[in-house]
Amino acid sequence: MHLAYPAVLAALLFCTGLYGVLARRNAILVLMSVELMLNAVNLNLVAFDVWLRDTLHAGQALTLFTIAIAAAEIGIGLAIVLMVYRNRGTSDIDRLRDTAEGHEPPPAAPDSSTAANQQSEVTA
Amino acid sequence: MSPAVLTLAATTGPGFLSPTGVEIAFALVGLATLGAAAITVTTKQLVHAALWLVVALGGIAVEYLLLTAEFIAWVQVLIYLGSVVVLLLFGLMLTKAPIGPSPDADSGNRPIALGVAVVAAAALVWVVVDAFRTTWIDLDGPVQGSTKVSGEILFRHWVLPFEALSVLLLAALIGAIVLSHRTDPADPDPAAPGATGLNARATAARPTAPRPTDKGPR
């Protein structure tokens, strides 16, 4: 098989994931795009391992490690997204601008839940 | 393999215009995978994006099979299609993703993202095709990615990273549990008995907060 087939497919998949990471607004959709990018890299690793006929099969071993680390990453990422959603009431990454410069804090919507938290704390 | 041998193999190798059966299958599955990936990053329906992601990841598993990496293909099916997509679907459900099309799935910088992706794709494809124009993968001979070979190399040469990875997975598991655990002592558990009026107010003030029992997927 020509090596250009898997290499071109991996490049196009990576750029598809790149578009998704940049263009999506929901944090979970961004995580899906990150998975696409990781899979493109895995495809490259396997293709080059099969091409080089490495006796240690470093490419395939690294692919397995990458898959395991991607599983850990998706677990941690979803936990963070759920925590953000629980605290803010939204998982849109456009609205998480607390550490951005030059943006005023959003007026009402995210503050209402915080105010409600404080109110419940005071009541408690 | 020295460059001279590679060049010799390239000159004697098959041509671009006479693809083999494996190449045709790879290209067809690759087209399906790319299409599914494109739908995943462009669809307005969030759950459909997760389901098209299944098609894309399954297509990549088939590509691994075509590259004779059997074990990685089955690991891909088990972990990605089996657990990662289920986790993503659970995440979509827990963040109360709308079932129908959601018009704000894409952010405002979509044209910039499209430009960056197209430029990156053009540059990468040009470089890759130019670099590997005369390179061929020899798929004949012994299978390089069978379970036997993978187990041997994994537990003979890569044991230490493997064990370190298990520690990392444990740390990730504990981290996910800690992150999704509600630790605010001033915010009592809504499902706890007693103080119903206060709990009703807290629940009403935070209608979007998932219940603590929603930590199921971890």
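Numbered from 1 within each chain, the chains take letters A, B, ... in sequence-line order. These numbers come from the heavy atoms of this one structure, side chains and all, not from hydrogens, waters or symmetry mates.
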Asker: For Y80(B), which atoms come within 4.5 Å of any heavy atom of chain A: side chain, backbone, both, or neither?
Answerer: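 Only the side chain of Y80(B) comes within 4.5 Å of chain A.
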Asker: Given heavy-atom pairs under 4.5 angstrom as the criterion, report whether the side chain, backbone, both or neither of L168(B) touches chain A.
Answerer: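 The answer is the side chain of L168(B).
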Asker: Report the option among I60(B), N109(B), V125(B), I72(B) that has the most heavy-atom pairs separated by less than 4.5 Å from atoms of chain A.
Answerer: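 Top option by heavy-atom pairs under 4.5 Å: I72(B).
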Asker: Which bit of S83(B) is near chain A, if near means a heavy-atom gap under 4.5 Å: side chain, backbone, both or neither?
Answerer: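 Neither part.
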Asker: Taking every heavy-atom pair that is under 4.5 Å apart, which of E152(B), Q76(B), R156(B) has the most such pairs with chain A?
Answerer: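 Max contact count across the listed options: Q76(B).
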Asker: Any donor-acceptor pair under 3.5 Å linking the side chain of D49(A) with the backbone of L45(A)?
Answerer: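 No, the answer is negative, given that no donor and acceptor are paired below the 3.5 Å cut-off.
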Asker: What part of P161(B) gets closer than 4.5 Å to chain A, counting heavy atoms only: side chain, backbone, both or neither?
Answerer: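 For P161(B), heavy atoms of backbone and side chain both lie under 4.5 Å from chain A.
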Asker: Could you check which of V85(B), T40(B), I79(B), L88(B) has the highest count of heavy-atom pairs closer than 4.5 Å to chain A?
Answerer: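 Going by pairs under 4.5 Å, I would pick L88(B).
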Asker: If I measure from the heavy atoms of chain A, does S102(B) come under 4.5 Å with its side chain, its backbone, both, or neither?
Answerer: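 Answer is neither: S102(B) stays 4.5 Å or more from chain A.
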Asker: D138(B), L66(B), L139(B), T33(B): which one forms the most heavy-atom pairs within less than 4.5 Å of chain A?
Answerer: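 Among D138(B), L66(B), L139(B), T33(B), the one with the most close pairs to chain A is D138(B).
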Asker: Look at the aromatic rings of Y5(A) and F26(B) and report parallel, tilted or perpendicular, splitting at 30° and 60°.
Answerer: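 Perpendicular: the ring planes of Y5(A) and F26(B) meet at over 60°.
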Asker: Does E23(B) reach the main-chain N or O of T20(B) with its side chain, forming a donor-acceptor pair under 3.5 Å?
Answerer: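 Flag set: sc E23(B) to bb T20(B) pair under 3.5 Å.
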Asker: Below 4.5 Å, heavy-atom pairs only: which of A27(B), A38(B), A50(B) has the largest tally toward chain A?
Answerer: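 Of the candidates given, the most pairs with chain A belong to A50(B).
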Asker: Keeping the roles fixed (side chain from S166(B), backbone from E163(B)), state whether a donor-acceptor pair exists under 3.5 Å.
Answerer: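 It does hold such a pair.
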Asker: Decide yes or no for L62(A) and W158(B): does some side-chain heavy atom of the first lie under 4.5 Å from some side-chain heavy atom of the second?
Answerer: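 L62(A) does not reach W158(B) side chain to side chain.
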Asker: Please classify the contact between V128(B) and chain A as side chain, backbone, both or neither, with a heavy-atom cut-off of under 4.5 Å.
Answerer: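 When you check distances to chain A, only side chain atoms of V128(B) fall under 4.5 Å.
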Asker: Using non-hydrogen atoms only, which part of I28(A) is less than 4.5 Å away from chain B: side chain, backbone, both, or neither?
Answerer: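 Backbone plus side chain of I28(A), per the 4.5 Å heavy-atom cut-off to chain B.
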Asker: Please tell me if the side chains of T66(A) and V41(A) come closer than 4.5 Å, counting only heavy atoms from C-beta onward.
Answerer: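 The answer is no; the side chains never approach within 4.5 Å.
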Asker: Out of V8(A), L18(A), I67(A), return the one with the most heavy atom pairs under 4.5 angstrom to chain B.
Answerer: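 Heavy-atom pair counts peak at I67(A).
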Asker: Looking at every heavy atom in both L87(B) and L78(A), which two are closest together, and how far apart are they?
Answerer: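 Smallest heavy-atom distance, with atoms named: O-CD1, 3.2 Å.
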Asker: Out of A40(A), G20(A), P6(A), A70(A), return the one with the most heavy atom pairs under 4.5 angstrom to chain B.
Answerer: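 Result: the option with the highest number of such pairs is P6(A).
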Asker: Among M83(A), R53(A), E35(A), which has the most heavy-atom pairs under 4.5 Å with chain B?
Answerer: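 Sorted descending by pairs with chain B, the first entry is R53(A).
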Asker: Does F162(B) have more than 12 heavy atoms from other residues, nucleotides or ligands lying within 6.0 Å of its CZ?
Answerer: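 Counting other residues, nucleotides and ligands, CZ of F162(B) stays at 12 neighbours or fewer.
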Asker: Is atom NZ of K148(B) surrounded by more than 12 heavy atoms (other residues, nucleotides or ligands) closer than 6.0 Å?
Answerer: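 No, the 6.0 Å shell around NZ holds no more than 12 heavy atoms from other groups.
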Asker: Do you know which of I112(B), V127(B), L114(B), V22(B) has the most heavy-atom pairs under 4.5 Å to chain A?
Answerer: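 Max contact count across the listed options: L114(B).
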Asker: Measure distances from D92(A) to the heavy atoms of chain B and classify the residue's part below 4.5 Å as side chain, backbone, both or neither.
Answerer: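 For D92(A), the contact with chain B is made by the side chain alone.
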Asker: Given a strict heavy-atom distance threshold of 4.5 Å, which part of L165(B) is in contact with chain A: side chain, backbone, both, or neither?
Answerer: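 Only the side chain of L165(B) comes within 4.5 Å of chain A.
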Asker: Are the side chains of L13(A) and E63(B) in touch, meaning some heavy atoms are under 4.5 Å apart?
Answerer: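 The answer is no, as the side chains (C-beta and beyond) never meet within the 4.5 Å cut-off.
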Asker: Examine whether an atom of D140(B) lies under 4.5 Å from a heavy atom of chain A, and if so say whether it belongs to the side chain, the backbone or both; otherwise answer neither.
Answerer: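 Answer is backbone: N, CA, C or O of D140(B) sit under 4.5 Å from chain A.
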Asker: Can a donor-acceptor pair be found, under 3.5 Å and without considering hydrogens, that links the side chain of T95(B) to the backbone of G91(B)?
Answerer: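 Looks like yes, one N/O pair under 3.5 Å.
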Asker: Would you call R25(A) and D106(B) a salt bridge, taking side-chain N to carboxylate O under 4.0 Å as the test?
Answerer: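 Salt bridge between R25(A) and D106(B), a charged N being under 4.0 Å from a carboxylate O: no.
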Asker: Taking the side chain as C-beta and beyond, is there a heavy-atom pair between E73(A) and L38(A) under 4.5 Å?
Answerer: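 When only atoms from C-beta onward are counted, L38(A) and E73(A) do touch, with a gap below 4.5 Å.
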Asker: Checking heavy atoms, do the side chain of L53(B), its backbone, both or neither come under 4.5 Å from chain A?
Answerer: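 Contact with chain A involves the side chain of L53(B) alone.
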Asker: With a 4.5 angstrom heavy-atom cut-off, which part of N26(A) approaches chain B: side chain, backbone, both or neither?
Answerer: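 When you check distances to chain B, atoms from both the backbone and side chain of N26(A) fall under 4.5 Å.
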Asker: Where does A121(B) contact chain A at under 4.5 Å (heavy atoms): side chain, backbone, both or neither?
Answerer: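 Contact with chain A is through both the backbone and side chain of A121(B).
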Asker: S91(A) versus chain B, heavy atoms under 4.5 Å apart: side chain, backbone, both or neither?
Answerer: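 Side chain only.
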Asker: Answer yes or no: is there a side-chain heavy-atom contact under 4.5 Å between N39(A) and L43(A)?
Answerer: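 No - every pair of side-chain heavy atoms lies 4.5 Å or more apart.
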Asker: Check whether A10(A) gets within reach of chain B through its side chain, its backbone, both or neither, counting any heavy atom under 4.5 Å.
Answerer: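 The answer is neither part of A10(A).
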